[in-house]
K.L.:
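This is the structure I have questions about; it appears just below.
Here the structure is a predicted model, which means the values were calculated and not measured. Below, read A as the first sequence line, B as the second, and so on, with proteins coming before strands; counting in each chain starts at 1.
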There are 2 protein chains.
Amino acid sequence: MPSIRDVARQAQVSTATASRALRGLPSVTAETRARVERAAAELDYVIPFNASSLASGRTNSVGIVVPFVSRWFFGTVIAGAETVLREAGLDLVVYGVPDAPSRARFFGRMPVRRRVDAVLVLCLPLTPWEADALRALRVPVVIVGSTAEGISSVRIDDPAAATAAVRHLTELGHRRIGLIGETDPPPHGFTTPGLRRHGYLRALAEAGIEPDRALEAAGCFTASDGEAAMQRLLAQKNPPSAVFAMSDEMAFGALRALHRARIDVPAGMSVIGFDDHELAAALDLSTIAQPVFAQGEQAARLLLDQLQREAPPADVVLPTELIRRGSTGPAASLN
Amino acid sequence: MPSIRDVARQAQVSTATASRALRGLPSVTAETRARVERAAAELDYVIPFNASSLASGRTNSVGIVVPFVSRWFFGTVIAGAETVLREAGLDLVVYGVPDAPSRARFFGRMPVRRRVDAVLVLCLPLTPWEADALRALRVPVVIVGSTAEGISSVRIDDPAAATAAVRHLTELGHRRIGLIGETDPPPHGFTTPGLRRHGYLRALAEAGIEPDRALEAAGCFTASDGEAAMQRLLAQKNPPSAVFAMSDEMAFGALRALHRARIDVPAGMSVIGFDDHELAAALDLSTIAQPVFAQGEQAARLLLDQLQREAPPADVVLPTELIRRGSTGPAASLN
DNA sequence: GTGAAAGCGCTAACAA
DNA sequence: TTGTTAGCGCTTTCAC
């Protein structure tokens, strides 16, 4: 295995100059750099990560802490972050924390300590203790989909977005509007469900509609939970004429339940989701689109900023948009 | 920042003993180990990754090369692998190669060189040159969803699984069976579409059905492509009575097209997919289930094996299973 | 712009 | 079982 000494010798420079040339530092003449690069190519040399890291004190790696790698939302955020970080020459190291024990292990041991230059946290509302553990790392941290005192974040305005979804339904004339999605307590302490529920209640208030607890059905953001929730709503004496599901995946399940019950959408029931999931267009689901890939990109960019210079914590709120598709329509009384 | 010397001093041992104790090596008395661990805890010391890596020659990291982090299949495989590797104390570093340029860059520069102890490759059929580049790393490599000479792999039997899907349709009495999914050439040189098509043709042959090119519609494994493909099949003078989609996502799109065309499923058209996607049950889609998370776990285990001792390349084939749901039914003539 | 030399902080071989 | 010591292979001052 060739070392930088071999490269230096072959290029007839010192190891210091070889190092500078290979890292693209400006203080090297073009001619010297060319010689070094040619030597490195001939010897098939690459800088070993660990030696470089030990000497420089940087790891050129970013850790990403994420509850569910396999879900569409999280995978898409990861992809966005990875794209930007790769471009900047940083590696992404994945730390999955799918359940409470793995989460406790992560924040207990902090395997990112002395391992990464920065940390990205996806959608985990941090306990004060967890936030402290992250701050104690003394490296840049960015949270996606949540916030914490003194830590940068990238997110959407969940209450406002949910209000837009439900307002779309009230504007169509609906007065009995169901809600699918909150569980008590939510897994991982997710705050999103609570925020979206506030938006739902606000839209009802705007329209002068009295909220009705009986119209709220719990669900864990999966299609099967959405289906079960819809079934419960349908089983009531006075079911809603429209439903706001807090995620597209739950909305898909709700559509399934309606199909099973032979209820036409939107004539018999309007459904609006949240996310603009990959499959939402295919299922003709009205929804609130949020920029998911872009949240990952933006978070990575904030991280890069903070790695370059001491930057104050930022809180970036990305826009959402109502997407009208075929699953929402006028209330029956207006037909 | 405390060093191992501080820990050693506080525990009244040499740095070598401190190192051994902290790494859990057996050649340390329980009492010494306890003293060292207490000292480390008091000083809040953790072994810095880079120094340890430089001295030991190991990085305790595994690289994973993956075309699409955000798609359900890939995300789920990553999650499976990450779970097993984390358990073994190895970090997973993600290398996304969504398009040809990024793929060329990866195999050209080989950023995993001198960076990881092993590599996982997801669903990329390797060119001979790419396979050589991986072998030249001289680290264990495992491929998921493909194969290469001299490299371990974990996969399913695609032709057999596809045959099972189509046989399910012929057994229901269907004779005109459409195929959705192959494109020519497939993106990334994916071999899966070709293999599944072979299975499709074999099932037709078994049933004595003459294949008909007009019944094959291209699609890139997305729902919108599946929808467009189904529309093309429906536009024919003599459309099929059943369709095999090479992925559930395409099947979802096909179902959408049928819904739009007011064709009842399965009375007017049977649809079977492939994967048993998270949403397949919610959409009542018959499909071929493949163990996705388990493929990631199994690949990680092969990697761990090969890291421990020189093991010959293995080729692990995991089972698939026909899942009968509501989207497939008897051919109309048999009703 | 380039070179000499001193670390970065551990692990592993060897000795005891 | 424990200690001593020599690296692991760069990067970074500090001179020139």
Side-chain angles (χ1 to χ4, degrees), chain A residues 1-40 43-61 89 91 111 113-117 138-139 307, chain B residues 1-40 43-61 89 91 111 113-117 138-139 307:
Chain A
M1 203 81 90
S3 84
I4 202 169
R5 271 196 286 260
D6 302 316
V7 175
R9 193 179 317 127
Q10 178 145 341
Q12 312 202 56
V13 293
S14 68
T15 59
T17 298
S19 172
R20 291 189 272 251
L22 291 173
R23 282 179 294 150
L25 296 194
S27 58
V28 183
T29 58
E31 195 231 341
T32 307
R33 186 189 311 282
R35 274 217 314 286
V36 172
E37 280 174 347
R38 181 149 32 81
L43 296 172
D44 199 23
Y45 172 83
V46 294
I47 299 174
F49 165 76
N50 46 16
S52 165
S53 175
L54 176 58
S56 69
R58 274 169 267 111
T59 66
N60 285 324
S61 306
D91 286 333
R113 264 190 83 192
R114 312 198 77 173
R115 171 70 176 95
V116 300
D117 294 338
R138 310 228 146 273
V139 300
L307 282 170
Chain B
M1 202 83 88
S3 85
I4 201 170
R5 269 197 287 261
D6 300 316
V7 175
R9 192 179 318 126
Q10 178 146 339
Q12 311 202 55
V13 295
S14 68
T15 60
T17 298
S19 173
R20 290 188 274 253
L22 292 173
R23 282 179 295 153
L25 297 194
S27 57
V28 182
T29 60
E31 195 231 343
T32 307
R33 184 188 311 283
R35 271 216 317 285
V36 173
E37 281 173 345
R38 181 148 33 80
L43 296 171
D44 198 22
Y45 172 82
V46 294
I47 299 175
F49 165 75
N50 46 15
S52 167
S53 175
L54 176 60
S56 68
R58 272 169 269 109
T59 66
N60 285 324
S61 306
D91 285 334
R113 266 190 82 193
R114 313 196 79 174
R115 171 69 177 91
V116 300
D117 294 339
R138 310 228 145 273
V139 301
L307 281 170

K.L.:
Give a yes or no on whether the backbone of Ala21(B) and the side-chain of Arg33(B) come within a donor-acceptor separation of less than 3.5 Å.
P.N.:
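The answer is yes, because a donor-acceptor pair under 3.5 Å joins these two groups.
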K.L.:
For Leu54(B) and Ser14(B), find the nucleotide of DNA chain D closest to each by heavy atoms; which residue's nucleotide sits nearer the 5' end?
P.N.:
Ser14(B)
K.L.:
With sequence neighbours excluded, tell me which residues meet side-chain hydrogen bond (donor to acceptor under 3.5 Å, both in side chains) with Ser14(A).
P.N.:
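With neighbours one apart ignored, the set is Thr17(A).
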K.L.:
Salt bridge (charged side-chain N to carboxylate O under 4.0 Å, His left out) with Arg35(A): which residues, sequence neighbours excluded?
P.N.:
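Per chain and number, Arg35(A) pairs via salt bridge (charged side-chain N to carboxylate O under 4.0 Å, His left out) with Glu31(A).
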K.L.:
With Gln10(A), which residues qualify under side-chain hydrogen bond (donor to acceptor under 3.5 Å, both in side chains), at least two apart?
P.N.:
Glu42(A)
K.L.:
Listed by chain and number, what are the side chain to side chain contact (heavy atoms under 4.5 Å, CB included) partners of Ala55(A), not counting sequence neighbours?
P.N.:
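By the side chain to side chain contact (heavy atoms under 4.5 Å, CB included) rule, Ala55(A) matches no residue at all.
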K.L.:
Take the C1' atoms of the five end pairs on each side of the helix from dG1(C)-dC16(D) to dA16(C)-dT1(D), get both axes, and report the angle to 10 degrees.
P.N.:
20°
K.L.:
Sequence neighbours left out, what passes side-chain hydrogen bond (donor to acceptor under 3.5 Å, both in side chains) with Asn60(A)? Give chain and number order.
P.N.:
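If we apply the side-chain hydrogen bond (donor to acceptor under 3.5 Å, both in side chains) test to Asn60(A), skipping adjacent residues, there are no hits.
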K.L.:
Once you apply a heavy-atom cut-off of 4.0 Å, does Ser27(A) come out as touching a base, just sugar-phosphate, or nothing?
P.N.:
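Ser27(A): base contact, heavy atoms under 4.0 Å.
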K.L.:
In whole Å, I'd like the distance from the CZ atom of Arg5(B) to the P atom of dC10(C).
P.N.:
8 Å
K.L.:
dC10(C) P sits how many Å from Met1(B) CE, rounded?
P.N.:
10 Å
K.L.:
Just jot down the side-chain hydrogen bond (donor to acceptor under 3.5 Å, both in side chains) partners of Ser3(A), sequence neighbours excluded, or say none.
P.N.:
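Not a single residue meets the side-chain hydrogen bond (donor to acceptor under 3.5 Å, both in side chains) criterion with Ser3(A).
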K.L.:
Quick one: which residue pairs count as a salt bridge (charged side-chain N to carboxylate O under 4.0 Å, His left out) with a foot in residues 7-26 of chain A, not counting sequence neighbours?
P.N.:
Asp6(A)-Arg9(A)
K.L.:
How would you summarise protein contacts on nucleotides 11-16 of chain C per nucleotide, using B for base, S for sugar-phosphate only and - for none, with heavy-atom distances below 4.0 Å?
P.N.:
SBB---
K.L.:
Checking Thr59(A) against Asp117(A): is there a side-chain donor and acceptor pair closer than 3.5 Å?
P.N.:
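On atom types as modelled, these side chains qualify, holding a pair under 3.5 Å.
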K.L.:
Taking CZ from Arg9(B) and C1' from dG9(C), how many angstroms apart are they, rounded to a whole number?
P.N.:
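Those two atoms, CZ and C1', are 14 Å apart.
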K.L.:
Return the set of residues passing salt bridge (charged side-chain N to carboxylate O under 4.0 Å, His left out) with Arg113(B) (not counting sequence neighbours), or none when no residue passes.
P.N.:
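So Arg113(B) forms a salt bridge (charged side-chain N to carboxylate O under 4.0 Å, His left out) with Asp44(A).
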K.L.:
On DNA chain D, reading 5' to 3', which nucleotide is the first and which the last to sit with an atom under 4.0 Å from a heavy atom of chain A, could you check?
P.N.:
dG9(D) to dT13(D)
K.L.:
Going by side chain to side chain contact (heavy atoms under 4.5 Å, CB included), name the residues that satisfy it together with Asn50(A), two or more places apart in sequence or in a different chain.
P.N.:
Pro48(A), Ser53(B), Leu54(B)
K.L.:
Name the nucleic acid region contacted by Tyr45(B), choosing base, sugar-phosphate or nothing; use a 4.0 angstrom heavy-atom cut-off, strictly under.
P.N.:
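Counting heavy atoms under 4.0 Å across all strands, the contact made by Tyr45(B) is with sugar-phosphate only.
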K.L.:
Calculate the interatomic distance between Gln12(A) atom CD and dG3(C) atom C1'; express it in whole Å.
P.N.:
15 Å
